[in-house]
Every structure is written in structure tokens, then in C-alpha cells.
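A short worksheet on the structure shown next.
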Amino acid sequence: MSELVTIKDKQFKPYITQQQLSEAVKKVADAINKDLQKELPVFLVVLNGSFMFAADLLKEVTIPCKISFIKVASYHGTKSSGTVTELIGLSEDISGRSVVIVEDIVDTGVTLEKLVAVLQRKNVKQIKVATALMKPDSYKKEFKVDYCGIKIPNDFVIGYGLDYDGLGRNLKEIYVLA
Ligand code: 5GP
């Protein structure tokens, strides 16, 4: 495995290998292939971070499916409405469908909870969540994360789609602050 990488003002060290990632991807895909084979699921790939995981995962998904790429934008509405979450890029009609949210990492779960709430209003049949990484010690929400590649402690990681200030997404492996 490669050595330390420097990104802007910080140094990162190797943390999760390509081999570990591909095993995790295979495990997640196997479970999805088994659970959702009759569902014709719609995969909703949450950009930007999950592009690399999604590409690897969906090569291993062998059941019929559709794939859409979305972004989640949060902004402050009026005082009474609080934070408004908007979905950008959803072109599929997902009502009545089984939806699989594809995430890079689930940390506190705040982002995921907002996305789930938006999707629930679209009368989907069921919502499943597949994530490359998860920080269980940080996760505070009720919603079940169905398919998790690798559980990690509360460390800041980059690579495999995940960035530090926009950089490092192209690294093949996961790195952690050195
Ligand atoms: P949550 O809402 O679950 O707390 O955080 C989810 C989002 O925070 C992720 O989609 C990701 O953008 C960012 N995030 C959380 N942990 C990390 C991390 O360790 N590294 C990077 N690069 N982003 C993270």
C-alpha cells in the first residue's frame, strides 16, 4: 500500500486497502442481489462522494435495476419552515418503487435522515440504504442502514470518493489523518 499523502495543509496515511474495499463492495452487492431480486430497484447515487463506490457496487449488482444520480441541497427557508431539503436531479418516477440510497459515508445520519424524509413524501414502496463506510459511534438516528461496507471509528477519512476541501476524491484507497 502507498505512503503518506499530503493534501493542502494535512497529511493522511493509508487506512483501508483496495482489497478490503472490493471485498466490502462484493458483500453489499451480494446482499442486495439476494434481497431485491424481484423489486426492480432504483439506485439513487448521492453525488459527489459516492461516485466511486457506486461504480464498483453497480458492476456487482446483477439484478435488473435503474440508476439515478442525485444531489441533496439544504437551505434555510423562512423561520417557520426551518431548513428545507431539496433533491436535485431526480428524473425517475419512483412512486411505488423500491429505492436504494447509495452513500459514501454515514456519520451522524443527519444528511441521510433529511434525504429519507424527502423520499418518503414521494410514496415509495420501501427505502434501503447502502453505504461504503459508516461511523456507528457517531450515528444518532433511528433509520436502519441496511447495507454497510465497512464500519470505522470516528476518524476523518478521505479517498475513494471522499474529499478534503474538494481534494482527494480520486485516491483508490481510504486514507485517515496522520
Ligand atoms: P452526516 O450527515 O451523516 O453526519 O454526514 C454525512 C456527510 O458528511 C457525508 O456524506 C460526507 O460528505 C461528510 N463526512 C462525514 N464523515 C466524513 C469523513 O470522515 N470524511 C469526509 N471526507 N467526509 C465525511
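All values derive from a computational prediction rather than experimental measurement. Counting starts at 1 for both ligands and their atoms, in listed order.
- A donor and an acceptor atom, one from each side chain of Asp107 and Ser138, are located under 3.5 Å apart.
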Less than 3.5 Å apart, N/O on ligand 1 and N/O on the protein: could you list those pairs with the distances?
unit_1, atom_1, unit_2, atom_2, d
ligand 1, 2 (O), Val110, N, 3.4
ligand 1, 2 (O), Thr111, N, 2.9
ligand 1, 2 (O), Thr111, OG1, 2.4
ligand 1, 3 (O), Asp107, N, 2.9
ligand 1, 3 (O), Thr108, N, 3.1
ligand 1, 3 (O), Gly109, N, 2.8
ligand 1, 4 (O), Thr108, N, 2.8
ligand 1, 4 (O), Thr108, OG1, 2.4
ligand 1, 10 (O), Asp104, OD1, 3.3
ligand 1, 16 (N), Lys135, NZ, 3.2
ligand 1, 19 (O), Lys135, NZ, 2.9
ligand 1, 19 (O), Asp155, O, 3.4
ligand 1, 19 (O), Val157, N, 3.0
ligand 1, 20 (N), Val157, O, 2.7
ligand 1, 22 (N), Val157, O, 3.1
ligand 1, 22 (N), Asp163, O, 2.8

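- We find the CZ-CG distance between Phe12 and Leu167 to be 9.5 Å, quoted to the nearest 0.5 Å.
- Gln120 is linked by a side chain to side chain donor-acceptor pair (under 3.5 Å) to nothing, counting only residues two or more places apart in sequence or in another chain.
- Between the side chain of Asp104 and the backbone N or O of Gly161 there is no donor-acceptor pair closer than 3.5 Å.
- Rounded to the nearest 0.5 angstrom, Asp165 CG and Ile158 CD1 are separated by 11.0 Å.
- Using a 4.0 Å cut-off between a side-chain N of Lys or Arg and a carboxylate O of Asp or Glu, Glu39 and Lys125 qualify as a salt bridge.
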